[in-house]
Amino acid sequence: MSDHSDEQQYDPATVEARWQAHWEKDKTFAVPEEAGDKPKFYMLEMFPYPSGKLHMGHVRNYSIGDVMARFKRARGFDVLHPMGWDAFGLPAENAAIKRGVHPADWTYSNIAVMRRQLQRLGFSYDWDRELATCDASYYRWEQAVFLDLLEKGLAYKKGGMLNWCESCQTVLANEQVDADGNCWRCGNPVIQKELEQWYLRITDYAQELLDCLGSMDGWPNAVTTQQVGWIGRSTGASIRFALSGDVPDGSDGVIEVFTTRPDTLYGCTFMSLAPEHPLTKRLAAGTEQEAAVNAFVDRMGRTDKADRTDAATEKEGVFVGRYAINPVNGREVPIYTANFVLADYGTGAVMAVPAHDQRDFEFATKYGIDKVVVIDPPGDATLDASTMTEAFVEAGTMVNSGTHDGTANEAGKASVIAELEEKDAGKGTVNFRLRDWGISRQRYWGAPVPVIYCDVDGMVPVPKDQLPVVLPKDVQIGGEGGSPLARHEAFWKTTCPTCGGPARRETDTMDTFMESSWYFMRYCSPHYEGGLVDPAMAARFLPVDMYVGGIEHAVMHLLYARFYTKILRDLGHIPAVDEPFTRLVCQGMVNHESYKDEHGEWVLPTDIDIRSEAVTVDGKETVVRRATHKETGREVSIGRIEKMSKSKLNTVDPETLIAHYGADTMRLFCLFASPPTKDLEWSDAGVEGASRFIGRVWRLVRRHTDALGPVAAYSGDGSDLDSDAVALRRAVHQTIVRVTVDVEERLQLNTAIAAVMELVNTLYKYEAAHTAEIGAGGVVSSVMVEALETVLRLLSPFAPHFTNELWEKMGRADVLEDVSWPEADASAAADDSIEIVVQIKGKKRASIAVAANADQPAIEAAALAAAAKWVGEAPPRRVIYVPGRLKHHSRLAPQKGVGHGYDRCAWEQRETRRPATNMTSPSCSTG
RNA sequence: GCCGGAGUGGCGGAAUCGGUAGACGCGACGGAUUCAAAAUCCGUUAUCCGAAAGGGUGUGUGGGUUCGAGUCCCACCUCCGGCACCA
């Protein structure tokens, strides 16, 4: 009610709106057109899918990025910090089916909502660079690149068994099927379906994609190791086995296998083909096995791939009725087809060595096939195939292997390959687990593949001057299956660019990961008409210096984007860029407690009341949190802390919280509650704490602006200050160092905020002890102003609204976005007195305060005196002096003029303390 | 099974190069202010023994290296993430 308290009370809604309007009007975050003297910094966060509204994960992701963008700006960089929309994709189509909204309308209205939410959070984006991947002005360049890839043979069409999601009605790339064989997006089971589709030859780049990982120091280990595993390089040999007997139709009489164990070739006793291998049925044709093989292959074709390739599935197979000849020992081995052999890895055929491969062992045991030992364990032991219970897969010495006998098996790999090469029956080779990237999607809401089919000329690329192939808006989107484009005659009916005759357009659209593979390039020159990126702007801004996003994209988006970067480099668009993202930060998940009622149903956090109760358990008093339902009053059980998800009803809505607390509070909480790379546990009490801190700073600054009016910050050398003021300045300048290191080097934003909180606590104490002096307007006032200004400057990247408001209230004419990052004054930050901890045998026994410039003998003397009680009369046997140890700054106490421990002195006096007669110290001896 | 990551007070988390474990925040408790409450401000808060001074114990478990270990080494346990019949 009183005007004074209103003035002291911080009102986020009005203050934040004011600054957001200012940034928008002023285009504060636009990058200068021309590159000047400043270095560039390209700060990027993964752009969102416009699903409807922001969730907490977005708030956290973008808060982290915004701190870095604003910090780098203050550090003197030209910061490129764009935002846009990953706007193609299935949810738009599903919404259309469910609610009758057109995907475009749904998408653009979601974008409008989410853009407003982002602006409401005060992020420092250059909105003039905003892009949406569903705009034809964006995807036309993707289509142009596709045509280049087609020309170079890097894009091709191939039929085969594909991952198909029945629920999404489309194919999926291998990366998009999770470990349980479910769709990455909808979670429904993925089945196999025979289809033709478009692929990009990512396998051509497998080696480079792998090689570069080794030097990508700015990426988290978790991501690079995942990518290494996904690429899955293995070295071995390809070996040609000739068929025994007459050669069946359609075969050149040879079956090639890939193995990583050429050293076991002499132990090969059969061969296994994938059921889908082109020779499987042909080999069986005309033999008495024909019917059995056909039945087996057909049955496998109907079996779910996830089940078939589950390691727990029992191995089974059928003899195909023919034999192959082992090229090194001439042994005739039976050929089987087996369920566990994968058609799309290696050649789809494997040589089987049951004694040294567990899968082959199980298969051979089941079907009574010979086992031949060719590797014996190190030492004198020899293996007996008839008594083995499992395959011997470890290193050993080669036996039964002709001239290789006695060779260590590792060396034998090379010598067997040499023998194969000599006999022209094989060679050393490398295989990758990575498969080509399937990019066709049988859906509407994506970028059309720019290709036309003509009965006369076959597949004809759309001429570049006819791009873009625009996605038509007037489509019938229904759930009846098949792509809406395939039912849209005006779209697919066209004429052949070559012969002018009637032709049909490709109705597949591209995987949305295509768009997200190069959007960061388009941001460099989003309105450029001459190509996908203006070469000058690409040269100026690429690569991205820091990229922040979720780890769920470790092998999908992040692998595709790396591949696409290399493609575009080789096409000449970005000649100097090998890798897109110099530093990658994967932020942790946002988690929240989950709640269930007595029926085991999930309950919303907003529907319950939580209270703490003191209870006595086993005579010990502890605090227990209990929850009750607001409406029913029934007890609700507090469950595990889980990732926020709609299904568990444990989400919190950013919009509501922003309306209540303001953007600064939300940002501060997200950044303070845990370091960026770790999971964050949502806590309403924690949000309150962040809000309280802002209020605390607000009141502190307002008290002084009211009392003092504009006062210049202290600029002297400290010689005119008393010890308390010197100590205060020391705290200020030490905080500058801490925050700078935490943000710039460690990306430890939580401790950066904690450091400012400490400084604010110190200021409160100083204020209480020196009210009169501060109000007097003299040098002490200016020291206080220096401190307050520093707090605002250090806090501005985290909470830019209220800091700007206070900056203005302090009488500053500029805005914090134009104020450079504070520089610490080394002499002001230096301690005059430091605390030394004295350890005896590693235990802390005393601590002494010494002058910062005290030399070692003086410190040792003081330490000895302080530790006299422990050392006794005899001199210590050994003194360890550890200079220059910076310890945490937690014990700052400016009023007392006590510094903090930079040095340490440890004492050891093993023998003198414990006489040799002490039997409990056998290791001691009298010197 | 293989590959990553993590385990620290009642809770979220600090501890930068092997050198004072528990910064900062939350919660709790006490005090000030208030008619009262909220808000705010101040203080206490790992644990055990002790009136205190002081001391013992303590970073998932068990060993080891070191004057000294949350931090390094060895062997485990638990949880999270990824991959998994890739020959």
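In what follows, chains carry the letters A, B, and so on, assigned in the order in which the sequence lines appear, proteins first and then strands, with residues in each chain numbered from 1. These numbers come from the heavy atoms of this one structure, side chains and all, not from hydrogens, waters or symmetry mates. Quick caveat, the model's predicted, so the values are computed rather than measured.
Between A:Glu276 atom CD and B:rC85 atom C1' the separation is 14 Å, expressed in whole Å. Between the P atom of B:rA6 and the NZ atom of A:Lys678 lies a distance of 8 Å, rounded to the nearest Å. As rounded to whole Å, 12 Å separates atom P of B:rC80 from atom CG of A:Asp679. Between the CH2 atom of A:Trp230 and the P atom of B:rC86 there is a distance of 14 Å, given to the nearest Å. Following rounding to the nearest Å, A:Ile753 (CD1) and B:rA14 (P) show an atom-to-atom distance of 12 Å. Atom CG of A:Asp344 is separated from atom C1' of B:rC85 by 13 Å (rounded to the nearest Å). The separation between A:Trp698 atom CH2 and B:rU40 atom C1' is 17 Å, rounded to whole Å. The nearest whole Å value for the distance from the CG atom in A:Asn591 to the P atom in B:rG13 is 9 Å.
Distance check on atom C1': B:rU61 versus B:rC77 gives 7 Å, rounded to whole Å. Remark: the separation of the P atoms in B:rG64 and B:rC11 is 30 Å, to the nearest Å. Straight-line distance between the P atoms of B:rU47 and B:rG9: roughly 12 Å, to the nearest whole Å. Here, B:rG58 and B:rA53 have their C1' atoms 22 Å apart, quoted to the whole Å. Taking the P atom of each, B:rG81 and B:rG22 are spaced 33 Å apart, rounded to whole Å. Annotation: B:rC29 and B:rA14 have their C1' atoms spaced 24 Å apart (nearest Å). Using atom P as the reference point in both B:rG18 and B:rA39, the two lie 44 Å apart (nearest Å). For the C1' atoms, the distance from B:rA75 to B:rU20 is 31 Å, rounded to whole Å.
Residue contacts for A:Val341: at a heavy-atom cut-off of 4.0 Å it reaches a base atom on one of the strands shown. Here A:Pro675 lies in heavy-atom contact (under 4.0 Å) with sugar-phosphate atoms only. Nucleic acid contact class of A:Phe432 (heavy atoms, under 4.0 Å, all strands): none. Residue contacts for A:Gly689: at a heavy-atom cut-off of 4.0 Å it reaches the sugar-phosphate backbone alone, with no base atom in range. When heavy atoms are screened at a 4.0 angstrom cut-off, A:Arg435 is found touching base atoms of the nucleic acid. Using a 4.0 Å heavy-atom distance criterion, A:Thr259 is classed as a sugar-phosphate-only contact.
With B:rG13, B:rC42, B:rA23 as the choices, the nucleotide that has an atom nearest any side-chain atom of A:Glu758 turns out to be B:rA23. In this structure, of B:rU16, B:rC24, B:rA87, it is B:rA87 that holds the atom nearest to the side chain of A:Phe258. The listed nucleotides are B:rG4, B:rC85, B:rG12; the one nearest the side chain of A:Lys315 is B:rC85. Nearest to the side-chain atoms of A:Ala222 among the listed nucleotides B:rC26, B:rG25, B:rG4 stands B:rG4. Considering only side-chain atoms of A:Thr225, the nucleotide from B:rC3, B:rC24, B:rG27 that sits closest is B:rC3. When each of B:rC41, B:rG43, B:rG27 is scored by its nearest atom to the side-chain atoms of A:Arg699, the top-ranked nucleotide is B:rC41.
Side chain A:Arg359 to base B:rA87: a donor-acceptor pair is found below 3.5 Å.
Distances shown here put a side-chain N or O of A:Tyr345 below 4.0 Å from the OP1 or OP2 atom of B:rA87. Contact between the side-chain N/O atoms of A:Thr313 and the OP1/OP2 oxygens of B:rC85 is not found at any separation under 4.0 Å. For B:rU20, the OP1/OP2 oxygens have no side-chain nitrogen or oxygen of A:Gln839 closer than 4.0 Å. Residue A:Arg433 places none of its side-chain N or O atoms closer than 4.0 Å to OP1 or OP2 of B:rC3. Proximity of A:Asn750 to the phosphate of B:rA14: a side-chain N or O atom is located under 4.0 Å from OP1 or OP2. Residue A:Gln748 places at least one side-chain N or O closer than 4.0 Å to OP1 or OP2 of B:rA15. Phosphate contact (OP1/OP2 of B:rA23, side-chain N/O of A:Asn761, threshold under 4.0 Å): absent.
Here B:rU78 sits opposite B:rA6 as a Watson-Crick or G-U wobble pair (both hydrogen-bonding atom distances under 3.5 Å). Pairing for B:rU16 is absent, with no Watson-Crick or G-U wobble pair whose two atom distances lie under 3.5 Å. Base pairing of B:rA38 is not made with any nucleotide, judged by Watson-Crick or G-U wobble geometry with both donor-acceptor distances under 3.5 Å. Using Watson-Crick or G-U wobble geometry with both donor-acceptor distances under 3.5 Å, B:rA84 finds no partner in any strand shown. Under the Watson-Crick and G-U wobble criteria, each requiring two contacts below 3.5 Å, nucleotide B:rU59 is left unpaired. Pair assignment for B:rG54 gives B:rC49, based on Watson-Crick or G-U wobble hydrogen-bonding distances that are each under 3.5 Å. The base-pairing partner of B:rG25, taking Watson-Crick or G-U wobble contacts with both distances under 3.5 Å, is B:rC11.
Residues A:Asn431 and A:Arg233 bring no donor and acceptor atom of their side chains to less than 3.5 Å of each other. Donor-acceptor pairing under 3.5 Å is recorded for the side chains of A:Tyr345 and A:Ser234.
Of the charged side-chain nitrogens involved, at least one lies within less than 4.0 Å of a carboxylate oxygen, so that A:Glu314 and A:Lys366 count as a salt-bridged pair. A salt bridge between A:Glu410 and A:Lys413 is present, with a side-chain N of the basic residue lying under 4.0 Å from a carboxylate O of the acidic one.
The line from NZ of A:Lys315 to CZ of A:Phe363 is 10.0 Å long, rounded to the nearest 0.5 Å. Here the straight-line distance linking atom OG1 of A:Thr740 with atom CZ of A:Arg746 works out to 12.5 Å at 0.5 Å rounding.
The only member of A:Glu758, A:Glu745, A:Glu744 that meets salt bridge (Lys or Arg N to Asp or Glu O under 4.0 Å) when paired with A:Arg738 is A:Glu758.
Toward the 5′ end of RNA chain B lies the nearest nucleotide of A:Arg692, the other residue of the pair A:Arg692 and A:Leu342 mapping further downstream. If A:Asn221 and A:Thr260 are placed on RNA chain B by their nearest nucleotide, the residue sitting closer to the 5' end is A:Asn221.
For B:rG9, the glycosidic angle deviates from 0 by 90° or less, giving a syn base. B:rC67 shows a glycosidic angle more than 90° from 0 and is accordingly assigned anti.
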Steps toward side chain to side chain contact (heavy atoms under 4.5 Å, CB included) verdict (A:Val393, A:Asp357): CA-CA 6 Å; A:Val393 296; A:Asp357 180 283; 5.7 Å; no
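Taking the six-membered ring wherever Trp is involved, the centroid distance between the rings of A:Tyr661 and A:Phe669 does not fall below 6.0 Å.
In this structure, the side chains of A:Val353 and A:Phe361 stay at 4.5 Å or more apart for every pair of heavy atoms.
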